[in-house]
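One-based numbering, in listed order, for ligands and for the atoms of each. These numbers come from a predicted model, not from an experiment.
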Amino acid sequence: MPRFSANLSFLFADLPFEKRFAAAAAAGFGGVEYVGAYDMPMASVKSLLSDNGLEQVLFNMPTGDWEKGERGLACRPGREDAFRDSVVKALDYAAATGCRMVHCMAGVMGKGEDAGELARLYCDNLLYAADLAEQAGVKILIEPINPLDMPGYLLNSVEQAAVILDQLDHPHLALQFDIYHAQIVGGNIAARLDRHLDKTAHIQIAGVPGRREPDSGELNYPFLFYMLDRVGYDGWIGCEYKPHGDTVAGLEWIRPWMPAAK
Ligand SMILES: O=C(O)C(=O)[C@@H](O)CO
Ligand SMILES: [Mg+2]
């Protein structure tokens with residue numbers, strides 16, 4: 001049976017962030033994930049989780065200055081110190097909230113930059129983060145993101161991520177398999193999920209095209225959930241989509257697997 005996590009950066013977006021926890025619990029979710037809650041004190045995040053009986057499934061490391069176009073620091077020359085600070089901050093929040101997975105965004109390539117050089121720095125930084133994460137009992141995840149939504153992003157395909165994970169061979173590095181991005185970059189989802197499941201610590205879903213509810217578009221999610229059960233995937237499935245309208249009204253698709261809270 002799939003276990004669904006509500007991505008609070010996408011779902012319940014009409015509510016203030018701190019109210020989204022209760023809304024997720026009322027909708028039946030047992031876990032939550034989001035980009036980050038670093039502007040809130042750790043104790044407040046912890047209370048929101050425990051008051052609502054929620055597990056903190058995942059969040060991102062601080063990603064740098066989003067307004068200035070940064071999308072993670074891990075491949076960025078000159079940002080090594082900021083990257084190291086971001087690892088420490090993320091692991092502090094992870095310890096406070098009992099979170100066992102942290103997504104490390106790679107960052108975007110500038111025009112004329114050497115992808116090989118950036119990839120080398122990315123790998124060095126991933127190893128640095130993974131060593132610290134190991135001491136904290138946390139896994140660092142890497143997620144391929146499609147280049148239409150995030151032009152210049154360093155890590156685009158699941159296959160690229162698999163090569164990096166194979167080469168680095170660190171027990172605290174794993175794949176965040178976002179099916180929405182993977183469908184746009186390559187398709188053939190069932191076979192690729194099967195092939196890379198041993199590296200996959202977390203899955204995210206959305207309909208393609210449009211990143212809407214997973215009951216719209218070209219993917220057959222009930223089939224994929226069935227397949228994930230068959231192959232014994234026991235991780236979370238993050239609902240990372242932009243609801244068409246009201247989040248709860250749009251959750252009809254989830255009811256065969258997850259009833260609303262009583
Ligand atoms: O964009 C995605 O997909 C993610 O999972 C986010 O972590 C990026 O902010
Ligand atoms: Mg994602």
Side-chain angles (χ1 to χ4, degrees), residues 2 4-13 17 20 24 29 31-39 56-76 83 86-87 89-90 93-94 97 99-109 122 126 129 133 138-158 160-161 173-186 189 192-193 196 199-214 217 219 221 224 228 233 235-243:
F4 293 102
S5 150
N7 190 304
L8 302 184
S9 301
F10 282 71
L11 305 188
F12 308 106
F17 183 70
R20 296 179 198 170
F29 288 100
V32 290
E33 57 185 69
Y34 41 77
V35 172
Y38 298 108
D39 49 357
Q56 180 69 59
V57 173
L58 169 92
F59 49 71
N60 290 5
M61 276 180 204
T63 52
D65 191 335
W66 198 272
E67 299 303 313
K68 290 199 175 136
E70 286 186 312
R71 298 289 183 271
L73 301 170
C75 80
R76 296 306 313 153
F83 176 76
S86 80
V87 176
K89 191 167 197 176
Y93 270 79
T97 57
C99 181
R100 311 294 297 277
M101 297 188 290
V102 170
H103 172 207
C104 173
M105 289 190 74
V108 288
M109 273 190 301
Y122 178 48
L126 285 177
V138 169
K139 277 201 173 170
I140 301 294
L141 306 194
I142 62 171
E143 179 197 42
I145 294 184
N146 84 75
L148 303 177
D149 286 9
M150 213 171 270
Y153 194 71
L154 186 76
L155 186 68
N156 298 138
S157 78
V158 170
Q160 212 184 355
L173 285 177
L175 178 63
Q176 179 171 321
F177 196 125
D178 186 323
I179 294 177
Y180 163 78
H181 294 302
Q183 171 67 4
I184 293 171
V185 182
I189 294 297
R192 290 164 84 211
L193 263 179
H196 300 295
K199 295 182 172 58
T200 301
H202 187 56
I203 289 174
Q204 292 176 324
I205 57 170
V208 180
R211 211 172 196 180
R212 296 294 186 185
E213 276 84 352
L219 284 163
Y221 274 107
L224 294 173
L228 286 169
Y233 176 73
W236 290 88
I237 297 181
C239 300
E240 192 181 41
Y241 61 82
K242 297 177 281 180

Inset, instruction - Give the residue, atom name and distance (to 0.1 Å) of the protein heavy atom nearest atom 9 (O) of ligand 1. - result: Asn60 ND2, 3.4 Å
Legend entry - Region of His202 engaging ligand 1 - heavy atom pairs below 4.0 Å: neither
Legend entry - Proximal heteroatom of Glu143 relative to the Mg ion (ligand 2) (N/O/S): OE2
Legend entry - Which atom of Val208 lies closest to which atom of Ile184, heavy atoms considered: CG1-CG1, 4.0 Å
Inset, instruction - Could you tell me whether Arg100 atom CZ has more than 12 heavy atoms of other residues or ligands within 6.0 Å of it? - result: no
Inset, instruction - To the nearest 0.5 angstrom, please state how far the CZ atom of Phe4 sits from the CD1 atom of Ile203. - result: 10.5 Å
Legend entry - Name of whichever N/O/S atom of Glu240 is nearest to the Mg ion (ligand 2): OE1
Inset, instruction - Could you tell me whether ligand 1 has any atom less than 4.0 Å away from a heavy atom of Met105? - result: yes
Inset, instruction - Answer with yes or no whether Gln176 contacts ligand 1, where contact means a heavy atom under 4.0 Å from a ligand atom. - result: yes
Inset, instruction - Provide the number and element of each atom of ligand 1 under 4.0 Å from a heavy atom of Arg211. - result: 1 (O), 2 (C), 3 (O)
Inset, instruction - With rounding to the nearest 0.5 Å, note down the distance linking NZ in Lys199 to CG in Leu175. - result: 8.5 Å
Inset, instruction - Give the minimum heavy-atom separation between Gln160 and Leu154, together with the two atoms involved. - result: NE2-O, 3.2 Å
Inset, instruction - Would you mind listing which atoms of ligand 1 come within a distance below 4.0 Å of any non-hydrogen atom of His181? - result: 1 (O), 2 (C), 3 (O)
Legend entry - Gln176 N/O/S atom closer than 2.8 Å to the Mg ion (ligand 2): no
Inset, instruction - Considering heavy atoms of the protein only, find what lies nearest to atom 6 (C) of ligand 1 and give residue, atom and distance to 0.1 Å. - result: Glu240 OE2, 3.5 Å
Inset, instruction - For the pair Arg211 and Asp178, find out whether any cationic side-chain nitrogen is under 4.0 Å from an anionic carboxylate oxygen. - result: yes
Inset, instruction - For the Mg ion (ligand 2), find the closest N/O/S atom on Asp178 and give its atom name. - result: OD2
Inset, instruction - Enumerate the atoms of ligand 1 whose separation from the nearest heavy atom of His103 is less than 4.0 angstrom. - result: 7 (O)
Inset, instruction - Give the single entry among Met150, Glu143, Met61, Gln204 that approaches atom 2 (C) of ligand 1 most closely by any heavy atom. - result: Glu143
Legend entry - Ligand-residue contact atoms, ligand 1 with Asp178, heavy atoms, under 4.0 Å: 3 (O)
Legend entry - Under 3.5 Å: donor-acceptor pair, side chain of Glu67, backbone of Gly69: no
Inset, instruction - Determine, using ring centers only, whether Tyr38 and Tyr93 are less than 6.0 Å apart. - result: yes
Inset, instruction - Answer with yes or no whether the side chains of Glu33 and His202 bring together a donor and an acceptor at under 3.5 Å. - result: yes
Inset, instruction - Before signing off on this row, confirm whether Trp66 and ligand 1 have an N or O atom pair separated by under 3.5 Å. - result: no
Inset, instruction - Give a yes or no on whether the backbone of Asn146 and the side-chain of His181 come within a donor-acceptor separation of less than 3.5 Å. - result: yes
